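Have a look at the structure below before the remarks.
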Amino acid sequence: ELKVEQNPLFLSMQEGKNYTIYCNYSTTSDRLYWYRQDPGKSLESLFVLLSNGAVKQEGRLMASLDTKARLSTLHITAAVHDLSATYFCAVDEGGGADGLTFGKGTHLIIQP
Amino acid sequence: EPEVTQTPSHQVTQMGQEVILRCVPISNHLYFYWYRQILGQKVEFLVSFYNNEISEKSEIFDDQFSVERPDGSNFTLKIRSTKLEDSAMYFCASGGQLNTEAFFGQGTRLTVV
């Protein structure tokens, strides 16, 4: 059974600081996704990582994938309050139209 | 911008009743999914659907659940004989191609009383 572990599950940080969220998974997959969820809202796709060494950046967020270590990171640079949300990583284990296995999510609060 | 739409946004039903959750995926997408999220917990995969049949289903998706694409545009999740523990947010998602991200609808909050 595929396990996806996120760390930390809860993070409170100040604006302007940098931090990294970690996502470990237990299978040999090279397809990993990051989603953002605001309270009571749907899941917004942030990044799609489809190969070892993939790195993608959007604004203050940067995601990377190391398939050998079975690890993805989501790095936040100079955090701003608008980035407060819950961030999920999700792994696609299979090769077909399979569902994603999500981590428990990282609840991020950025304080002014 | 195309989006996945779900109706209703909130459904309250009595235990033992049947509910149908409806979704209109993005029009040119081929892969359709249902997920659920119990309040405060992670998102769990229920079922995927491709080429008019179930592609994969999780352990959660037992005989109580069924999916259908009745008319080429709607994608429905039927839950028979609802239980209290079926209370959750149910998300529909669709994807255009393999190995691309799935786009999620706004969800239907199901409350079983």
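Since the structure is predicted, the reported quantities are computational estimates derived from the model, not experimental observations. Residue numbers start from 1 in every chain, and the chains themselves are labelled A, B, ... in the order their sequence lines are given, proteins ahead of strands.
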- Query: Does atom CD of Gln14(A) have more than 12 heavy-atom neighbours from other groups under 6.0 Å away?
  - Reply: no
- Message: I'd like to know if Tyr22(A) and Leu65(A) are part of one continuous hydrophobic network [Ile/Leu/Val/Met/Phe/Trp/Tyr, side-chain heavy atoms within less than 4.5 Å].
- Response: no
- When rounded to the nearest 0.5 angstrom, what distance separates CZ in Phe45(B) from CG in Leu2(A)? 12.0 Å
- Message: For Phe47(A), which atoms come within 4.5 Å of any heavy atom of chain B: side chain, backbone, both, or neither?
- Response: neither
- Query: Relative to chain A, which segment of Tyr35(B) carries a heavy atom at a distance below 4.5 Å: side chain, backbone, both, or neither?
  - Reply: side chain
- Query: When clusters are formed by joining ILVMFWY residues with side-chain heavy atoms under 4.5 Å apart, either directly or through shared neighbours, do Phe102(A) and Tyr31(B) land in the same one?
  - Reply: yes
- Side chain, backbone, both or neither: which part of Gln37(A) has a non-hydrogen atom closer than 4.5 Å to chain B? side chain
- Message: Quick check: is Tyr25(A) connected to Val48(A) through a chain of hydrophobic side chains (ILVMFWY, heavy atoms under 4.5 Å apart)?
- Response: no
- Note on the structure: Residues Lys41(A) and Phe91(B): closest non-hydrogen pair is O-CZ, 3.8 Å
- Item | Leu100(A) CG to Glu44(B) CD distance, which is reported to the nearest 0.5 Å | 13.5 Å
- Item | Contact winner vs chain A - Gln6(B), Gln41(B), Lys42(B), heavy-atom pairs under 4.5 Å | Lys42(B)
- Message: For the CG atom on Leu84(B), are there more than 12 heavy atoms of other groups (residues, nucleotides or ligands in this structure) within a distance under 6.0 Å?
- Response: yes
- Item | ILVMFWY network linking Phe65(B) to Val47(B), side-chain heavy atoms under 4.5 angstrom | yes
- Any side-chain heavy-atom pair of Trp34(A) and Glu101(B) under 4.5 Å: no
- Determine, using the 4.5 Å side-chain heavy-atom cutoff (strictly less than), whether Leu83(A) and Leu46(A) are members of one ILVMFWY cluster. yes
- Should we say atom CG of Asn51(B) is surrounded by more than 12 heavy atoms from elsewhere, each under 6.0 Å from it? yes
- Query: So does Met13(A) have more than 12 non-hydrogen atoms from other groups sitting under 6.0 Å from CE?
  - Reply: yes
- Item | Per-residue contact mode, Ala93(B) against chain A (heavy atom under 4.5 angstrom) | neither
- Message: Quick check on Gln14(B): does its CD atom have over 12 non-hydrogen neighbours (other residues, nucleotides or ligands) under 6.0 Å away?
- Response: no
- Query: Using a cut-off of under 4.5 Å for heavy-atom pairs, which of Val4(B), Val43(B), Leu30(B) has the most such pairs with chain A?
  - Reply: Val43(B)
- Message: If I take atom CZ from residue Phe103(B) and atom OG from residue Ser45(A), how far apart are they, to the nearest 0.5 angstrom?
- Response: 6.0 Å
- Task: Name, in order of residue number, those residues of residues 104-113 of chain B that have a heavy atom at a distance of less than 4.5 Å from a heavy atom in chain A; otherwise write 'none'.
- Result: Phe104(B), Gly105(B), Gln106(B)
